[in-house]
Amino acid sequence: MKNLYKAFASAAVALLAVSCVNEMANDTPDGLFRKYNLSFDDGTKTELSGTGSTRQVKWNEGDEIKYYTKDKQSSVSTASVSLAGSTAFVEIPRGRSDDFINAVYGAGSLTGSSSTADCMYVTSPAKSDQSYTTFAQAHLCAAFSSDLEDPNLRFHNAVAILKFTSAASISKVVFSGNNGEVITGGSNGSLKISYSGGAVSAEPSSTGGTSVTVTTGGQESDFYIAILPVNFSKGILVQCYDVSGFQVCERRTSGELNTVNAAGLPIIANLGSIQEWLDNPKPTAVDLGLSVKWASFNLGASTPEGSGDYFSWGETAPKSSYSWSTYAYGQSKTGPFSEYVLDPSFGTVDYKTVLDLEDDAAHAIWGDAWRIPSKEEVQELRDNCTWTWTTINGVNGYKVSSSITGNSIFLPAAGMMSGSKVQNSGTEGDYWSSSIYTAESCSSWSPYFTASEFSTGDCYRYFGLGIRPVEGVVVPVASIDMPATLDLIAGGTTMLSATISPGNATYKGLTWLSSDGSVATVDAAGKVTAVSIGNATITTYSADAATTASCEVTVKEAATIPSIRPEVGNDERRRHQARGVRSVVRLGRDRAEVFL
């Protein structure tokens with residue numbers, strides 16, 4: 001029996017050995033690995049090498065893909081791309097529990113523990129910032145295959161592409177949706193990639209990301225920028241900055257931009273050449289966190305440091321000589337003036353204190369919502385931004401920066417024109433506002449600055465000054481509410497309270513007039529003084545003089561008005577303090593400057 005057992009055992013060992021030999025003989029490389037030929041949609045992958053139009057769409061030897069073969073795989077595998085002629089392929093080891101093959105190219109990482117057969121989570125595809133040397137890493141393409149033995153693995157773009165050609169003078173380009181769309185997939189570029197019905201789709205798996213910043217580094221090359229496949233209902237905004245950080249140009253796509261085609265696949269949207277934008281400049285509305293946006297350059301210029309054209313106040317075209325004799329609205333500082341008159345000694349009074357849009361050079365030349373800023377908007381710029389005297393491309397001026405948005409504009413010290421000559425270029429800046437100087441109709445308010453001072457002074461209307469437009473729709477005053485009647489005793493005073501509607505009206509200033517100054521007078525703030533017994537009408541005008549309101553004032557003797565003990569908290573009991581005004585006249589410029 002013992003010998004029989006040994007014989008049986010020997011036979012079993014021999015049989016096992018033969019079996020192992022046969023199995024090893026069948027374990028050829030083709031049996032240990034699966035080979036997948038790689039293909040991709042046009043524009044799926046952009047090669048990093050090359051410049052300009054020489055960049056190609058192709059696989060390179062040594063490219064890597066990340067893949068997984070079962071749901072919620074704990075670790076993600078990597079395979080290197082090999083080339084055989086024009087064919088790119090990878091070889092992937094067989095696994096005992098493989099169910100499918102899903103892969104990505106261009107992702108910083110693939111989170112296998114969250115991924116399933118039809119859904120992958122990846123990081124660093126649509127980044128919030130991309131550059132000349134790293135942007136291709138954001139070109140995420142994904143492949144899904146439920147058939148492990150299918151030798152073809154086709155990659156589809158999971159992100160859309162914005163293509164543009166940069167220029168040597170451009171250092172940074174920022175893309176954003178005009179309706180606040182999420183385009184970057186979050187601060188770290190985390191995306192959920194899904195596969196259904198033969199199409200790949202992507203959505204952010206982290207919150208936020210409404211803009212993509214591209215560092216171009218002055219490269220005159222084609223750039224392909226990865227963004228989420230988003231439908232931009234109001235198009236996109238492209239903002240271009242120079243090396244000093246100034247916004248020099250921008251473009252908005254016209255109408256809706258859908259970065260997914262009819263088949264549901266992401267597309268490449270070609271935005272064109274930035275150099276062409278620079279050659280045909282359009283103003284950029286720079287957001288400084290104020291009530292209006294300020295233009296990136298002067299009217300008539302094409303760069304932030306350009307002086308631009310010079311204009312007389314209220315005229316819509318530059319000219320060769322600036323004097324009273326060439327001024328459209330009046331021939332001397334005493335008038336008479338044909339428009340924008342508050343004092344009858346200067347002409348027929350029209351009570352208008354701001355320019356009509358048809359007389360606004362910025363609106364006439366640039367159109368849309370562009371216009372000359374009001375005195376109040378200039379003061380807002382002065383009070384709420386940081387002003388730094390500096391030199392840009394050899395031009396002196398102020399860099400005006402916002403702590404709210406981080407944006408800035410440059411105001412060159414362009415001087416002013418008197419006669420046919422430019423005066424004080426490089427040492428002072430002279431700019432128009434749209435507001436008339438209420439004390440004298442021969443002048444208008446104009447911001448003025450040097451390296452050591454800034455003021456909102458006034459200047460004769462005929463001088464040639466620069467214009468830095470603002471973008472802001474004019475909201476007119478619809479109504480003015482104030483008391484219909486007022487009783488005063490002779491010698492008494494009171495403040496008329498006037499409220500304009502709507503509250504967001506662009507120009508909130510009011511002009512006051514008394515029909516009979518011998519009975520009652522009114523000052524620029526609405527303070528009424530009873531002079532003598534009688535009746536007078538106090539009228540207030542909106543800045544464009546299109547809306548008015550009136551109050552009938554009756555001045556009586558003291559005995560005719562009953563004494564009424566005022567109640568504590570009565571709205572009529574108010575204290576008023578007049579601000580002192582110091583006027584300084586600069587000789588040789590025919591320009592009066594007022595410091596408040």
Side-chain angles (χ1 to χ4, degrees), residues 311-317 324-364 371-378 432-446 456-463 465 467 472-482 496 498-502 505-517 520-528 536-553 592 594:
F311 298 83
S312 292
W313 191 83
E315 296 183 358
T316 58
W324 281 123
S325 63
T326 64
Y327 184 56
Y329 295 94
Q331 303 300 299
S332 75
K333 66 179 182 180
T334 57
F337 294 100
S338 60
E339 201 170 358
Y340 307 104
V341 180
L342 303 178
D343 185 335
S345 63
F346 287 92
T348 302
V349 176
D350 57 17
Y351 304 107
K352 290 191 291 187
T353 59
V354 294
L355 284 169
D356 294 330
L357 285 180
E358 58 263 32
D359 298 327
D360 185 308
H363 184 73
R371 55 182 174 80
I372 301 174
S374 67
K375 173 191 174 185
E376 292 77 16
E377 288 162 346
V378 171
W432 284 127
S433 79
S434 62
S435 303
I436 197 75
Y437 180 46
T438 54
E440 288 187 312
S441 297
C442 59
S443 298
S444 297
W445 289 108
S446 66
T456 304
D458 66 287
C459 185
Y460 285 151
R461 289 158 58 166
Y462 78 83
F463 276 113
L465 271 60
I467 293 174
V473 175
V474 174
V475 178
V477 173
S479 63
I480 304 172
D481 182 32
M482 72 176 186
L496 271 178
T499 303
I500 64 172
S501 295
T506 302
Y507 305 121
K508 296 179 173 61
L510 296 173
T511 303
W512 300 84
L513 173 71
S514 172
S515 64
D516 191 343
T521 62
V522 62
D523 67 10
K527 180 181 179 180
V528 180
T537 301
I538 303 297
T539 303
T540 186
Y541 296 80
S542 61
D544 60 2
T547 305
T548 64
S550 297
C551 175
E552 298 298 325
V553 178
V594 178

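No hydrogens, no waters, no symmetry mates; every other heavy atom, side chains included, goes into these values.
Ring centroid separation for the pair W313 and Y329 does not come in under the 6.0 Å cut-off.
Closest non-hydrogen pair, L496 versus C551, comes out as CD2-SG, 4.0 Å. C442 and W324 get closest at one heavy-atom pair: O-CH2, 3.7 Å. The two residues A505 and I500 have their closest heavy-atom pair at CB-CD1, 4.1 Å. Contact between K375 and S435 at its shortest, heavy atoms only, is N-OG, 3.0 Å. Between D544 and S542, the closest heavy-atom pair is OD1-OG, 2.7 Å. Shown here for A520 and V553, the closest heavy-atom pair between the two residues is CB-CG1, 4.3 Å.
A distance of 13.0 Å separates CD1 of I467 from CZ of R371, quoted to the nearest 0.5 Å. One distance of note links OG1 of T334 with CD of E440; it measures 10.5 Å at 0.5 Å rounding. Taking CG of L342 as the reference point, atom CG of D350 lies at 7.0 Å (rounded to 0.5 Å). Atom CD of Q331 sits about 8.0 Å away from atom OG1 of T326, to the nearest 0.5 Å. Rounding to the nearest 0.5 Å gives a distance of 5.5 Å between CE of M482 and OG of S550. For the atom pair S332 OG and Y460 OH, the distance stands at 10.0 Å (nearest 0.5 Å).
The shortest side-chain heavy-atom distance between E339 and D356 falls under the 4.5 Å cut-off. Considering only heavy atoms from C-beta on, C459 comes within 4.5 Å of W432 through its side chain. Annotation: side chain of S514 is not in contact with side chain of T521 (no heavy-atom distance under 4.5 Å).
Using a 30° and 60° split on the angle between ring planes, Y327 and F337 fall in the perpendicular class, above 60°.
For Y351, the ring-ring contact (aromatic ring centres under 6.0 Å, His included) test picks out Y541, with sequence neighbours left out.
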request  = Output, in order, the C-alpha distance, side-chain angles, deciding distance and verdict of side chain to side chain contact (heavy atoms under 4.5 Å, CB included) for I538 and W512.
outcome  = CA-CA 7 Å; I538 303 297; W512 300 84; 3.8 Å; yes
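The backbone N or O of S479 lies less than 3.5 Å from no partner atom in the side chain of S501, so there is not a single donor-acceptor pair. Side-chain atoms of W445 come within 3.5 Å of backbone atoms of I436 as a donor-acceptor pair (strictly under, hydrogens ignored).
Among I480, T548, T547, the one residue that satisfies the side chain to side chain contact (heavy atoms under 4.5 Å, CB included) test with L510 is I480. Partner S434 forms a side chain to side chain contact (heavy atoms under 4.5 Å, CB included) with one of V474, T506, I372 and no other, that one being I372.
A cation-pi arrangement is not found for R461 relative to Y340, the charged atom failing to lie both closer than 6.0 Å to the ring centre and inside a 45° cone about the ring normal.
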